[in-house]
Amino acid sequence: MSRGLRQGLVGWLMHVPVARQDRRNAWMLQLLLIVAGAMAVSIAVVSWSDAGATGADGERWGALAIGAYAWGCLILLRQGRFRLAAALTIAGGLVLIALSYGIYGLRAQSGLHMTHVMPLLFAGLLLGRTAVWWTALGTGGALAIGAWADLQQATNAAAVSEVLPNLLLSCMSFLVLAVILDRLILSSQRAIERSRELDALCLELEREIDEKERAHARLLQTQRMEAIGRLATGVAHDFNNILSVIVGLATSPRAQDDDDALSRIRRAAQRGTVVTRRLLSFGRTQVRQVCTFDLAEAIEEMRPLLLPMFPRAVQARLDTPPPGLLVAADRDELELALLNIAANACDAMPQGGRFALSIETGGDHALIRVEDTGCGMTPEVRARLFEPFFTTKPKDKGTGIGMAIVQRFVADSGGAIEVDSAPGEGTRIRLRLPLATADRCAARPADAPRVSPVPGSANDVAVAADATQRAGTAAARPQPRGAPRRAGSRAAIGGE
């Protein structure tokens with residue numbers, strides 16, 4: 001038999017729609033039925049060729065019946081009815097044994113007892129403990145038939161006296177075998193159940209280990225944030241003193257001649273105060289400065305800060321609708337979030353590209369769309385985008401907490417954030433902020449601060465400073481005369 005044919009036959013035998021635990025036994029039972037059916041058909045063909053022999057007709061029809069029975073059991077097995085096919089196969093074997101005992105008697109077949117235990121063995125292997133005892137009962141009936149045949153064939157008292165001892169000895173042999181099989185099957189079932197319990201315990205142990213590792217990681221993160229908070233508190237006081245000097249000089253009567261430069265100095269200093277507010281908020285509850293403002297005007301006022309952040313190789317575009325989109329949020333946090341997104345987009349396009357920021361109205365939400373044609377993100381990076389301290393940038397280029405600030409701001413504002421990105425296809429970010437309604441404005445005055453929990457605020461320090469530094473650098477660049485500043489206008493720089 002060639003290797004391909006052998007593999008095909010084995011595959012056909014193994015492909016049976018039965019339960020997983022019965023698949024190996026199904027393979028063996030199929031092979032047994034095929035062999036029995038083929039042998040029965042061969043015997044019938046041989047007996048057909050020897051039609052003149054005495055008793056050839058009975059042997060031929062008997063062989064055909066056995067062959068048909070075996071093939072019928074095989075068909076049932078191929079249909080997925082494993083237990084029915086196995087039970088019929090064992091029952092057929094018991095019927096043949098009973099016929100043999102009825103014809104030849106018990107004494108004449110004492111040497112075939114090892115063959116007659118096959119139904120008992122198959123019952124234990126294929127069907128379990130209950131089938132063993134039913135098969136043992138059927139075997140006892142076949143032995144009784146054999147003893148009755150011996151009584152009918154006995155010609156003297158000695159032969160009659162041997163019938164009962166032979167019957168008891170045979171029954172005892174099968175009974176001992178049945179008990180041994182029952183114990184073996186019970187031990188095997190207990191071992192299987194124990195193995196399943198151990199598997200379940202191993203899975204539970206793995207889950208506990210994973211949970212402990214996550215708890216340990218959270219503990220380390222907490223300790224890190226506490227250390228940063230203690231350091232930041234000291235830095236914040238010194239930095240705030242410097243900002244106070246800048247604001248004082250910018251608002252002094254002697255420095256009112258250059259309005260444009262002073263305005264930029266004032267706004268940069270205000271963003272610096274946001275940094276100090278973040279630093280001082282470590283380790284205690286943070287008060288958010290929530291107010292109701294026009295989103296379009298707020299972003300339009302950021303135009304001199306956002307657009308100059310990009311080099312000339314990047315085409316930056318800012319589209320704002322007419323005024324009227326009122327939202328209730330922390331305006332400084334909004335500006336920091338947009339500066340962080342813009343900074344990430346700039347870093348993602350070192351060879352140039354396109355950046356666009358637009359605002360739309362969608363029902364009861366204002367939609368801020370930010371798109372770039374940068375390098376994009378893989379699914380693995382996108383899944384960890386908002387994870388604090390996760391970054392793909394070099395050590396001196398990013399802290400890994402910029403997008404954590406954006407997510408925290410959107411969540412505190414009651415909005416949602418969506419990110420769509422793929423390698424080589426750029427990144428698209430959508431920020432949804434709820435519009436300020438009359439009820440919301442009445443419930444929350446414009447000057448009413450809002451308390452926000454600290455978790456996440458520690459993530460804002462480095463990025464706030466980085467965004468402020470970029471904004472300050474951008475503000476220091478010379479602006480072209482006549483640059484549009486009105487709401488609803490569009491501007492593009494770079495790539496020209």
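All heavy atoms count here, side chains included; hydrogens, waters and symmetry mates do not. By convention here, the first residue in the shown sequence is residue 1.
Listed for the Asp150 side chain is a donor-acceptor partner under 3.5 Å among the backbone atoms of Leu106. Between the Ser188 side chain and the Leu184 main chain, no donor and acceptor come within less than 3.5 Å of each other. Judged purely by atom type and a 3.5 angstrom limit, Thr427 has no side-chain atom pairing as donor or acceptor with the backbone of Ser421.
Other residues, nucleotides and ligands contribute more than 12 heavy atoms inside 6.0 Å of the CZ atom of Arg382. The 12-atom threshold is exceeded at CH2 of Trp71, counting heavy atoms of other residues, nucleotides or ligands nearer than 6.0 Å. Heavy-atom contacts from other residues, nucleotides or ligands closer than 6.0 Å to CZ of Arg218 number more than 12. Within a 6.0 Å radius of CH2 in Trp148, no more than 12 heavy atoms belonging to other residues, nucleotides or ligands are found. When the shell of 6.0 Å around CZ of Arg207 is examined, it contains more than 12 heavy atoms from other residues, nucleotides or ligands. Other residues, nucleotides and ligands contribute only 12 or fewer heavy atoms inside 6.0 Å of the CZ atom of Arg107. Environment of CE in Met39: sparse, with no more than 12 heavy atoms of neighbouring residues, nucleotides or ligands closer than 6.0 Å. Within a 6.0 Å sphere centred on CD of Glu204, heavy atoms belonging to other residues, nucleotides or ligands number more than 12.
Taking the six-membered ring for Trp, His116 and Tyr101 have ring centres closer than 6.0 Å.
Gln109 and Ser100 form a side-chain donor-acceptor contact under 3.5 Å, judged by distance and modelled atom types alone.
Checked for salt-bridge contact, Glu211 and Arg214 meet the test: a charged N lies under 4.0 Å from a carboxylate O. Using a cut-off of 4.0 Å between Lys/Arg side-chain N and Asp/Glu carboxylate O, Glu208 and Lys212 are scored as not salt-bridged. Salt bridge status for Arg129 with Asp182: present, with a side-chain N to carboxylate O gap under 4.0 Å. A salt bridge is defined here as a Lys NZ or Arg NE, NH1 or NH2 lying under 4.0 Å from an Asp or Glu carboxylate O, and Arg194 with Glu197 meets this definition. Here Arg432 pairs with Glu418 in a salt bridge; the nearest charged N to carboxylate O distance falls below 4.0 Å.
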Criterion side-chain hydrogen bond (donor to acceptor under 3.5 Å, both in side chains) on Arg78 and Gln30, from CA distance to verdict: CA-CA 8 Å; Arg78 295 298 303 178; Gln30 286 181 99; 2.7 Å; yes

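Note that CG of Asn25 and CG of Leu127 are 9.0 Å apart. Values are rounded to the nearest 0.5 Å. Note that CG of Leu433 and CD1 of Ile368 are 5.0 Å apart. Values are rounded to the nearest 0.5 Å. From Ile90, atom CD1 reaches atom CG of Leu120 across 9.0 Å, with rounding to the nearest 0.5 Å.
Residues Val370 and Leu431 have side chains not in contact (no heavy-atom distance under 4.5 Å, counting atoms from C-beta outward). You'll find the side chain of Leu29 reaches within 4.5 Å of the side chain of Phe82, heavy atoms only.
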